[in-house]
K.L.:
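Below is one structure. I have some questions about it.
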Amino acid sequence: MTDLAPRRFRTEDGRLSADMRAAFERDGYLFLESFVAPSECDRLRARALELVDGFDPTEHRTVFSTTSRSHAAAAYFETSGDKIRFFFEEGAFDGRGNLRQPKALSINKIGHAMHDLDPVFEAFSHTAKLRNLANDLGIKTPQAIQSMYIFKQPHIGGEVVWHVDSTYLYTEPPSCVGFWFALEEATMENGAMWCLPGAHRLPLKSRFLRRDGKLVTEVLDDTPWPNGPCVGLEAAMGTLIVLHGQLPHYSGPNRSDRSRHAYTLHMIDAECRYPEENWLVRGPELPLRPL
Ligand code: FE2
């Protein structure tokens, strides 16, 4: 990959200058330094560890056991759109469903509604600053549809292959925008993201949706993304990286001995149609609400 450096900006209140909006339109990402105070990053990291601490994986042994993955595991994921659920790194369990190493070092991510269900993440995710930002990115009525806490564990944190978020959070017309908060420093060694600036203008290549009770990937366009140039998104703690829903991005495995915690929040515009066949669904007891 060719390592281009990202252009860096700052905003105190989430408002974007014309220059910043133009950069987002041109590149498909916006790199906002020092968006989150260090004390807030610390608070979110501590809360995520508390949530993990309170989670008993043995209650879900059938879900995670490698011998009986398939059905239970698929259902655990498919119904997680309006819950707080815990997903493990591949290979975290042995054949009998026992963790190979401590729980707090085995979890890949927490998802997908912690921004509505957990008070600490709820308070962080629903602020005037984020609403300003979403509005200035062109989202008229922003709704946070998905949250994830990503651990990218030392040594075993897996890669996330090239994808765009609109594949998963498809609306008509497209409106998905991702907020990626670095809660720890992200470097090339511990799995920082890469993106393909400008490639958000290419047509959507696939959709991940429910069909006949199963989650499937529907290919819309099988031409490959360009080979580059890529931008490496190394980020200090407190950085917010905004990703256009159709911007291809990737993160490598973490082979270092330092974790790379990040919190992600995905917005859609309530004025766009959210098809009911999308993978992420919510029950009537947890409707989407304005940011
Ligand atoms: Fe993504």
K.L.:
In the hydrophobic cluster built from side-chain contacts under 4.5 Å, what are the other members alongside Ile150?
P.N.:
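Once heavy-atom contacts under 4.5 Å are chained together, Ile150 belongs with Met148.
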K.L.:
Please name the pair of heavy atoms, one in Asn135 and one in Pro142, separated by the smallest distance, quoted to 0.1 Å.
P.N.:
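Between these two residues, the closest heavy atoms are ND2-CD, 3.6 Å.
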K.L.:
Report yes or no: do Phe9 and Phe179 belong to one cluster of Ile/Leu/Val/Met/Phe/Trp/Tyr joined by side chain heavy-atom distances under 4.5 Å?
P.N.:
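The answer is yes; both residues are in one hydrophobic cluster.
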K.L.:
With sequence neighbours excluded, tell me which residues meet salt bridge (Lys or Arg N to Asp or Glu O under 4.0 Å) with Arg282.
P.N.:
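Arg282 satisfies salt bridge (Lys or Arg N to Asp or Glu O under 4.0 Å) with Asp116 once adjacent residues are dropped.
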K.L.:
Does Pro226 have any side chain to side chain contact (heavy atoms under 4.5 Å, CB included) partners at least two apart in sequence or in another chain, and if so, which?
P.N.:
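Applying side chain to side chain contact (heavy atoms under 4.5 Å, CB included) to Pro226 gives Leu196, Leu202.
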K.L.:
Can you name the residues that form a side chain to side chain contact (heavy atoms under 4.5 Å, CB included) with Ile156, not counting sequence neighbours?
P.N.:
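For Ile156 the side chain to side chain contact (heavy atoms under 4.5 Å, CB included) partners, ignoring immediate neighbours, are Glu89, Gln101, Gln153.
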K.L.:
For His163 and Tyr168, take the angle between the two ring planes, folded into 0 to 90°, and tell me which bin it lands in: parallel under 30, tilted 30 to 60, perpendicular over 60.
P.N.:
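Perpendicular.
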K.L.:
Donor-acceptor check, side chain of Asp269 to backbone of Thr141, threshold 3.5 angstrom: yes or no?
P.N.:
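Confirmed, Asp269 side chain pairs with Thr141 backbone.
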K.L.:
For Asp42 and Ser39, test the side chains for any donor-to-acceptor distance below 3.5 angstrom and give the result as yes or no.
P.N.:
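Judged by distance alone, the side chains do not pair up.
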K.L.:
Please find out if less than 6.0 Å separates the ring center of Phe151 from that of Tyr149.
P.N.:
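Yes, close enough.
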K.L.:
Answer yes when Arg258 and Glu189 have at least one side-chain N-carboxylate O distance shorter than 4.0 Å, and no when they do not.
P.N.:
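Looking at Arg258 and Glu189, the cut-off is not met.
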K.L.:
Are Tyr274 and Leu209 grouped together when hydrophobic residues (ILVMFWY) are joined by side-chain heavy atoms under 4.5 angstrom apart?
P.N.:
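No, separate clusters.
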K.L.:
Do the side chain of Asn278 and the main chain of Tyr170 share a donor and acceptor less than 3.5 angstrom apart?
P.N.:
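Flag set: sc Asn278 to bb Tyr170 pair under 3.5 Å.
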K.L.:
Distance check, rounded to the nearest 0.5 Å: Phe24 atom CZ versus Leu137 atom CG?
P.N.:
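So the CZ of Phe24 and the CG of Leu137 are separated by 5.0 Å.
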K.L.:
Ignoring hydrogens and geometry, is there a side-chain-to-backbone donor-acceptor pair from Ser17 to Met20 under 3.5 Å?
P.N.:
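Answer holds: yes.
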K.L.:
Is there side-chain contact between Leu44 and His261, with heavy atoms separated by less than 4.5 Å?
P.N.:
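When only atoms from C-beta onward are counted, His261 and Leu44 do not touch, as no gap falls below 4.5 Å.
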K.L.:
Under the salt bridge (Lys or Arg N to Asp or Glu O under 4.0 Å) rule, collect the residues that match up with Glu122, sequence neighbours excluded.
P.N.:
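Glu122: salt bridge (Lys or Arg N to Asp or Glu O under 4.0 Å) contacts with Arg289.
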K.L.:
Report yes or no: does Arg207 contribute a side-chain atom to a donor-acceptor pair with the main-chain N or O of Leu220 at less than 3.5 Å?
P.N.:
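Pair absent, no side-chain N/O of Arg207 close to backbone of Leu220.
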K.L.:
So, for Ala23 and Arg7, which heavy atoms are closest and what is the spacing to 0.1 Å?
P.N.:
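Heavy atoms of Ala23 and Arg7 come nearest at CB-NH1, 4.2 Å.
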K.L.:
According to side chain to side chain contact (heavy atoms under 4.5 Å, CB included), who are the partners of His200, at least two apart in sequence or on a separate chain?
P.N.:
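Counting only residues at least two positions away or on another chain, His200 forms a side chain to side chain contact (heavy atoms under 4.5 Å, CB included) with His244, Gln246, Leu247.
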K.L.:
Please confirm whether the backbone N or O of Glu25 pairs with a side-chain atom of Arg201, one donor and one acceptor, at under 3.5 Å?
P.N.:
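Yes, because the side chain of Arg201 sits within donor-acceptor range (under 3.5 Å) of the backbone of Glu25.
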K.L.:
Would you check if there is a donor-acceptor pair between the side chains of Arg85 and Thr79 at a distance under 3.5 Å?
P.N.:
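Checked: Thr79/Arg85 side chains pair up, N/O donor to acceptor below 3.5 Å.
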K.L.:
Report yes or no: do Val242 and Met237 belong to one cluster of Ile/Leu/Val/Met/Phe/Trp/Tyr joined by side chain heavy-atom distances under 4.5 Å?
P.N.:
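Shared cluster, no.
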K.L.:
Does Ser147 reach the main-chain N or O of Met114 with its side chain, forming a donor-acceptor pair under 3.5 Å?
P.N.:
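Indeed, once roles are kept as given, a pair shorter than 3.5 Å links the two residues.
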K.L.:
Could you pull out all residues at least two apart from Lys205 that satisfy salt bridge (Lys or Arg N to Asp or Glu O under 4.0 Å)?
P.N.:
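With sequence neighbours excluded, Lys205 shows a salt bridge (Lys or Arg N to Asp or Glu O under 4.0 Å) to Asp221, given in chain and number order.
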K.L.:
According to side chain to side chain contact (heavy atoms under 4.5 Å, CB included), who are the partners of Ser125, at least two apart in sequence or on a separate chain?
P.N.:
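Listed in chain order: His115, Tyr263, Leu265.
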K.L.:
On a heavy-atom basis, which atom in Gly81 and which in Leu280 lie closest, and how many Å separate them?
P.N.:
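Taking Gly81 first and Leu280 second, the nearest heavy atoms are CA-CG, 3.8 Å.
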K.L.:
Quick one: ring pair (Phe, Tyr, Trp, His ring centres under 6.0 Å) pairs with a partner in residues 94-114, sequence neighbours left out?
P.N.:
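Residue pairs with at least one partner in residues 94-114: Phe77-His112, Phe87-His112, His112-Trp279.
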K.L.:
What's the verdict on side-chain contact (heavy atoms from CB on, under 4.5 Å) for Leu291 and Gln143, showing C-alpha distance, side-chain angles and the deciding distance?
P.N.:
CA-CA 5 Å; Leu291 190 65; Gln143 291 177 319; over 6 Å; no
K.L.:
Can you list everything that forms a ring pair (Phe, Tyr, Trp, His ring centres under 6.0 Å) with Phe31? Sequence neighbours excluded, please.
P.N.:
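So Phe31 forms no ring pair (Phe, Tyr, Trp, His ring centres under 6.0 Å) with any residue.
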K.L.:
Determine which pairs satisfy salt bridge (charged side-chain N to carboxylate O under 4.0 Å, His left out) with at least one residue from residues 127-154, sequence neighbours left out, and list them in order.
P.N.:
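Checked against salt bridge (charged side-chain N to carboxylate O under 4.0 Å, His left out) - neighbours excluded - the pairs reaching residues 127-154 are Arg15-Asp136.
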K.L.:
Does atom CD of Glu12 have more than 12 heavy-atom neighbours from other groups under 6.0 Å away?
P.N.:
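Atom CD in Glu12 is not crowded, with 12 or fewer foreign heavy atoms closer than 6.0 Å.
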K.L.:
Spell out, yes or no, whether Ile268 and Leu286 are grouped together once hydrophobic residues are joined by side-chain heavy atoms under 4.5 Å, including indirect joins.
P.N.:
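Per the 4.5 Å side-chain linkage, Ile268 and Leu286 are co-clustered.
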K.L.:
If every non-hydrogen atom of Tyr29 is compared with every non-hydrogen atom of Pro6, which pair is closest and at what distance?
P.N.:
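That would be OH-CA, 3.2 Å.
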K.L.:
Check whether any side-chain heavy atom of Pro57 lies under 4.5 Å from a side-chain heavy atom of Leu99, and answer yes or no.
P.N.:
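A side-chain contact under 4.5 Å exists here.
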K.L.:
Quick one: does Arg8's side chain get under 4.5 Å of Thr239's, heavy atoms only?
P.N.:
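Sidechains of Thr239 and Arg8: no contact.
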K.L.:
Ignoring hydrogens and angles, tell me if any N or O in the side chain of Asn190 forms a donor-acceptor pair with the backbone of Glu185 under 3.5 Å.
P.N.:
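Looks like yes, one N/O pair under 3.5 Å.
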K.L.:
For the hydrophobic clusters of this structure (ILVMFWY residues joined by side-chain heavy atoms under 4.5 Å, transitively), does one cluster hold both Leu4 and Met193?
P.N.:
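In one cluster: yes.
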K.L.:
Can you sort out the partners of Glu50 under salt bridge (Lys or Arg N to Asp or Glu O under 4.0 Å), two or more places apart, ordered by chain and number?
P.N.:
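Per chain and number, Glu50 pairs via salt bridge (Lys or Arg N to Asp or Glu O under 4.0 Å) with Arg47.
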